[in-house]
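Just below is one structure, and these are the notes that go with it.
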Amino acid sequence: QTAQVSALDAGLFLPPMGASSSSCAVASKCANCAQCAAPNCDCALRVPNNPKTRLKVCCCSRLLDAPIDLALQRTDPSYLGISLNWVRCPSDAGAVVSMLITGLADMALMYTEDAVACVAHGNPLRIVGTYLASSRSWGLHVPRGSTCNNVADLRGLPLGIAEDRGACLALSVMADGMEGDDMLLACPKKYFTSLRRVADAMLKGSMRAAFWEKRAAKHLVASGDWECLAEVDTPWPGAVFVASTEALYAKAGAVKKFIEFARGACEDFLSAYEDDAMRYLAAWHGLNMEEALEFMGAIRWTCESRVSLDAILGPLECLKRLGFVAGSRRYDPMRFVARQFSLDAVRGMSIWSETQPDDEDLSATLPDELAPTVTVPAQLLPNLSATLPD
């Protein structure tokens with residue numbers, strides 16, 4: 001004990017034999033252990049009085065994330081009241097889902113069809129809001145000088161398609177609009193991971209057409225290398241906010257704060273047409289003024305903590321029809337969204353729904369009348385007819 005006190009006087013700390021370095025053995029002899037600066041002592045760590053919740057958010061759509069990315073560059077996110085980590089991820093829905101499941105990320109911005117498919121596969125994720133109200137636009141392109149003048153001329157010809165779940169669903173939507181003709185779905189297909197590779201394949205003649213997102217292929221159409229025969233918009237919002245169930249349990253407040261921050265960032269982005277937004281799009285995405293103005297005028301950011309039932313039922317129906325999820329399985333749309341964000345806790349139905357859904361699973365979960373606050377199984381209720389006198 002004398003040796004320890006003398007060591008303390010000298011500014012050193014020597015733990016006794018068998019003592020763990022995770023607790024301070026001289027805490028009782030010092031009014032403030034942190035002032036001792038004892039090495040390897042947790043008590044000496046300077047922890048802020050009000051630590052902030054850490055929220056790790058993944059982004060992978062690049063250009064669509066521009067408002068949030070610019071806001072984080074212009075402002076200090078400390079005023080949010082949370083410790084925000086903005087993580088750039090590859091454009092791979094599987095990688096983003098893996099990060100959410102393993103706890104490497106708490107929240108992500110995902111395309112709607114990818115989010116619905118991941119939740120349908122049983123992953124512990126929930127959709128917590130709508131990020132992009134505008135739909136994704138796809139086009140069926142042919143090379144310059146092609147003999148195919150309309151969609152019917154492509155019957156039986158090889159078709160290059162983006163290796164994207166959204167491309168497959170959009171092609172199915174286009175086929176639905178062709179009055180029952182499934183010739184597009186019957187065409188031999190080859191999936192490509194990049195626009196450059198499918199452009200090379202079309203130049204060599206191995207692919208006679210390409211089904212690609214219009215925004216990405218715009219420069220090829222503008223240069224005259226490609227011609228767009230037909231186009232289609234997916235009939236649901238383009239992107240949503242997704243969070244892990246663990247994050248919703250432990251960090252629901254931080255998730256809501258981020259959605260509010262994203263809404264403000266998008267509003268500021270659209271109000272800065274000639275200033276920071278233009279310079280940002282030019283420096284980081286190579287867009288000239290005309291392209292930047294067209295992009296900002298075509299995209300509608302909403303950033304709301306609510307989800308339309310159409311955003312769930314639309315992609316889910318296409319996913320079942322194409323075999324991305326089990327077609328024989330019954331899915332309850334209410335299990336795709338976070339109830340504390342976008343559902344009425346009493347009826348169990350979405351607060352925001354433009355049309356009354358006609359779905360077998362949904363109808364089974366919606367009561368005809370309001371349920372009582374506390375319910376008791378019927379077998380536990382007393383037999384009132386037997387106990388009460390006539």
Side-chain angles (χ1 to χ4, degrees), residues 52-89 93 96-97 99-100 103-116 118-119 123-135 236-271 277 299-312 333-345 350-353:
K52 299 178 181 179
T53 302
R54 182 183 181 186
L55 187 69
K56 296 164 287 186
V57 183
C58 290
C59 64
C60 58
S61 56
R62 305 304 183 200
L63 188 56
L64 298 178
D65 302 332
I68 300 177
D69 193 40
L70 176 60
L72 292 175
Q73 294 182 19
R74 294 170 53 188
T75 60
D76 183 6
S78 60
Y79 78 92
L80 294 174
I82 60 175
S83 178
L84 178 62
N85 294 108
W86 184 244
V87 184
R88 297 182 180 275
C89 301
V96 174
V97 171
M99 295 182 66
L100 290 170
L104 296 177
D106 303 309
M107 190 177 176
L109 279 64
M110 297 180 64
Y111 291 123
T112 305
E113 55 271 9
D114 291 331
V116 172
C118 292
V119 178
N123 294 304
L125 309 174
R126 294 295 183 269
I127 300 175
V128 298
T130 304
Y131 175 62
L132 201 64
S134 54
S135 303
W236 51 77
V240 293
F241 295 104
V242 179
S244 64
T245 53
E246 181 180 356
L248 290 173
Y249 177 78
K251 308 176 182 180
V255 172
K256 290 183 178 180
K257 286 184 178 180
F258 176 78
I259 296 178
E260 295 173 358
F261 164 73
R263 184 187 304 114
C266 293
E267 293 174 354
D268 294 341
F269 187 82
L270 294 177
S271 64
I299 302 299
R300 292 183 293 116
W301 291 277
T302 178
C303 300
E304 295 177 324
S305 299
R306 59 181 187 175
V307 183
S308 170
L309 282 175
D310 295 336
I312 307 298
M334 297 300 104
R335 296 185 62 84
F336 285 77
V337 296
R339 297 178 183 272
Q340 63 266 48
F341 281 76
S342 56
L343 291 184
D344 186 340
S350 178
I351 296 176
W352 179 40
S353 177

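All figures in this text were calculated on a predicted structure; none of them were measured in a lab. Nothing fancy with the numbering, it's 1 onward along the sequence.
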Taking the side chain as C-beta and beyond, is there a heavy-atom pair between V116 and I127 under 4.5 Å? yes
Tell me every residue that passes side chain to side chain contact (heavy atoms under 4.5 Å, CB included) with V119, counting only those two or more places apart in sequence or in another chain. L125, R126, F336
Between OG of S134 and CD1 of I299, what distance do you get to the nearest 0.5 Å? 4.0 Å
Nearest heavy-atom contact between A71 and A265 is CB-CB, 3.5 Å
Those residues that, when tested against A108, pass side chain to side chain contact (heavy atoms under 4.5 Å, CB included) (two or more places apart): C58, V96, L100, M110
Looking only at atom types and distance, does a side-chain atom of S305 sit under 3.5 Å from a main-chain N or O of G129, one as donor and one as acceptor? no
Shortest non-hydrogen separation from L70 to F269 and the atoms involved: CD2-CD1, 3.7 Å
Student check: side-chain heavy atoms of V87 and M99 closer than 4.5 Å: yes
Considering all heavy atoms of both residues, which atom of C118 and which atom of V97 are nearest to each other, and what is their separation? SG-CG2, 3.1 Å
About how many Å separate CH2 of W301 and OG1 of T130, when rounded to the nearest 0.5 Å? 15.5 Å
Enter the distance from D69:CG to L64:CG here, rounded to the nearest 0.5 Å. 12.5 Å
Mind checking salt bridge (charged side-chain N to carboxylate O under 4.0 Å, His left out) for K56 and listing every partner two or more places apart, or none if nothing turns up? none
Write down the atom of I312, the atom of P333, and the distance for their closest heavy-atom approach. CG2-CB, 4.0 Å
Does A133 have any side chain to side chain contact (heavy atoms under 4.5 Å, CB included) partners at least two apart in sequence or in another chain, and if so, which? R300, T302
Is there a salt bridge (charged side-chain N to carboxylate O under 4.0 Å, His left out) between D65 and R88? Walk through the geometry before answering. CA-CA 10 Å; D65 302 332; R88 297 182 180 275; over 6 Å; no
Return all side-chain donor-acceptor pairs below 3.5 angstrom for residues 239-255, not counting sequence neighbours, or 'none' if the list is empty.
residue: S244; atom: OG; partner: A247; partner atom: N; Å: 3.2
residue: T245; atom: OG1; partner: P124; partner atom: O; Å: 3.4
residue: K251; atom: NZ; partner: R54; partner atom: O; Å: 2.8
residue: K251; atom: NZ; partner: D106; partner atom: OD1; Å: 3.4
residue: K251; atom: NZ; partner: D106; partner atom: OD2; Å: 3.0

Would you give the length of the straight line joining atom OG1 of T53 to atom NZ of K257, rounded to the nearest 0.5 angstrom? 7.5 Å
Atom OH in Y131, atom CD1 in I68: separation rounded to 0.5 Å? 4.0 Å
Are the side chains of M107 and I259 in touch, meaning some heavy atoms are under 4.5 Å apart? yes
For the residue pair Y111 and W236, establish whether any side-chain heavy-atom pair is separated by less than 4.5 Å. no
